[in-house]
Amino acid sequence: LLVGNRQIQSYGRSGNAKQAKKIFDSLPWKDSFTWNIMLYAFARNGHLRDAESLFENMPSPSIVSHTVMITAYGKTGCLERAREIFNRATDRTLVCWNSMLTAYAQNGHMLNAQEIFNEMPQRSIVSFNILLTAYSTNSDIHNAKMFLENMPQWDLVSWTTVLIACARGGHIKDAKRMFEEMPQQDLVVWTAMLELYCDTGNLEALKRFYDKMPQHDRVSCNVMLSAYARNGYIREAKDILAAMGAKD
RNA sequence: AGUCCCUGGUGUC
């Protein structure tokens with residue numbers, strides 16, 4: 001059972017929902033995790049109809065199943081469907097509330113999002129980050145600032161969100177200062193800074209920053225790759241491609 | 001006992 005669940009999950013992660021379903025159908029015994037993993041495999045790969053019908057046919061959909069559906073509907077902008085599922089859930093967890101919050105926030109329904117935020121029985125740093133991200137991407141500086149002051153604590157995600165908002169707003173100095181001031185940096189925030197150097201158009205500085213980075217992954221390589229390609233540095237671009245090992 | 005769900009980085013016109 002555990003092996004089967006892991007196989008479904010692994011096919012789901014690699015985007016192969018069909019193969020995942022094949023394993024799912026072949027399992028003689030399924031627990032609630034099996035169903036949820038299959039549900040998530042459909043949802044994360046954009047097979048909303050399949051997810052829907054699986055959900056409706058589940059023997060006993062758990063709060064996790066409901067949460068997966070809320071997230072899936074949220075990502076596709078079906079807010080009324082998301083809310084329906086949310087209302088249907090009786091035993092809402094913090095993650096479930098956060099998913100509903102994300103659905104509203106990512107689709108620009110900020111009044112609904114604020115309502116959910118106020119109604120939530122508990123909030124985590126994730127809840128705060130969801131709203132912070134929405135304010136930032138809407139360039140709602142006033143609400144973002146007010147919100148920042150009320151946040152109980154900041155984590156890497158909070159810092160990165162605000163740093164990117166600064167960079168996109170043209171506040172390069174602020175973004176750089178934040179990068180220095182934040183308690184620790186991870187690959188995501190390094191890459192966000194790399195993107196900032198891309199936008200300033202200084203290839204020298206960009207390259208220097210790229211070489212200074214502690215690690216790389218496919219995203220950071222892609223950023224550097226397209227910067228080279230866009231500027232006609234074909235040879236350098238090919239070096240990056242080679243380093244990526246023809247992956248992606 | 002152990003496997004499932006939420007927020008931040010590039011691209012998929």
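Just so you know, these numbers use all the heavy atoms, side chains as well, and skip hydrogens, waters and symmetry mates. To find a chain, count down the sequence lines: A is the first, B the second, and so on, and within it residues start at 1. Here the structure is a predicted model, which is why all the values come from computation and not from measurement.
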Query raised in the report: Can you find a side chain N or O atom of Y104(A) that sits less than 4.0 Å from OP1 or OP2 on U7(B)?
Result: no
Query raised in the report: Less than 4.0 Å between a side-chain N and a carboxylate O, is that true for R83(A) and E80(A)?
Result: no
Requested in this report: Using a 4.0 Å heavy-atom cut-off across all strands, classify V126(A) as base, sugar-phosphate, or nothing.
Outcome: base
Report summary line: Picking from U10(B), C6(B), U3(B), the nucleotide nearest the side-chain atoms of R218(A) would be U10(B)
Requested in this report: Please tell me which of the listed nucleotides, G8(B), G9(B), U3(B), lies nearest to the side chain of I37(A)?
Outcome: U3(B)
Report task. Quick one: label V68(A) by what it contacts on the DNA or RNA (base, sugar-phosphate, nothing), any heavy atom closer than 4.0 Å. Result -> sugar-phosphate
**Report entry** Protein-nucleotide distance (F147(A), atom CZ; U7(B), atom P), rounded to Å
**Finding:** 16 Å
Query raised in the report: When you look at Y210(A) and Y197(A), which way does the side-chain contact (heavy atoms from CB on, under 4.5 Å) test go after all the steps?
Result: CA-CA 9 Å; Y210(A) 180 81; Y197(A) 280 102; over 6 Å; no
Query raised in the report: Hey, is the side chain of K75(A) poking within less than 4.0 Å of OP1 or OP2 on C5(B), counting only N and O atoms?
Result: no
Report task. Check the distance between G11(B)'s P and L225(A)'s CG and give it to me in whole angstrom. Result -> 13 Å
Report summary line: Quick note, E195(A) side chain, CB onward, closest among G8(B), G11(B), U10(B) is U10(B)
Requested in this report: Output the single nucleotide from U10(B), C6(B), C4(B) whose closest atom is nearest the side chain of R168(A).
Outcome: U10(B)
Query raised in the report: Can you tell me how far P of G8(B) sits from CZ of F179(A), to the nearest Å?
Result: 19 Å
Report summary line: On a heavy-atom basis, the closest approach of N143(A) and D140(A) is ND2-OD2, 2.9 Å
Requested in this report: Describe the nucleic acid contact of Y40(A) in one word from base, sugar-phosphate, nothing, applying a heavy-atom distance below 4.0 Å.
Outcome: sugar-phosphate
Requested in this report: May I have the step-by-step check of ring pair (Phe, Tyr, Trp, His ring centres under 6.0 Å) for W97(A) and F117(A), ending in yes or no?
Outcome: CA-CA 8 Å; W97(A) 281 92; F117(A) 186 84; over 10 Å; no
Query raised in the report: Can you tell which of C6(B), C4(B), U7(B) lies closest to the side chain of Q106(A)?
Result: U7(B)
Requested in this report: State which of U3(B), G11(B), C6(B) makes the closest approach to the side chain of Q9(A).
Outcome: U3(B)
Query raised in the report: Roughly, in whole Å, what's the span from CH2 in W159(A) to P in U7(B)?
Result: 23 Å
Report task. Would you indicate what L2(A) reaches in the nucleic acid, counting non-hydrogen atoms under 4.0 angstrom: base, sugar-phosphate, or nothing? Result -> base
Report summary line: Atom CZ of R123(A) and atom P of C6(B) are separated, to the nearest Å, by 21 Å
Report task. With the side chain of V157(A) defined as its heavy atoms from C-beta on, choose the nearest nucleotide among G8(B), G2(B), C5(B). Result -> G8(B)
Report task. Report the distance from atom CG of D31(A) to atom C1' of C4(B), rounded to the nearest whole Å. Result -> 9 Å
Query raised in the report: Over how many whole Å does the gap from L206(A) atom CG to G9(B) atom C1' extend?
Result: 15 Å
Query raised in the report: Would a distance-only check, ignoring hydrogens and angles, find a side-chain to backbone donor-acceptor pair under 3.5 Å from N107(A) to H109(A)?
Result: no
Requested in this report: Classify the side chain of T161(A) versus the base of G8(B) as yes if they form a donor-acceptor pair under 3.5 Å and no if they do not.
Outcome: no
Report task. Classify the side chain of D186(A) and the base of G8(B) as holding, or not holding, a donor-acceptor pair under 3.5 Å. Result -> yes
Query raised in the report: Looking only at N and O atoms, is any donor in the side chain of D217(A) or the base of G9(B) less than 3.5 Å from an acceptor on the other one?
Result: yes
Report task. Grab the CG-C1' distance between L194(A) and G11(B) for me, whole Å please. Result -> 14 Å
Requested in this report: Ignoring backbone atoms, establish whether Q122(A) has a side-chain N or O less than 4.0 Å from OP1 or OP2 of C6(B).
Outcome: no
Query raised in the report: Taking everything shown except Y233(A) itself, do over 12 heavy atoms lie less than 6.0 Å from its OH?
Result: no
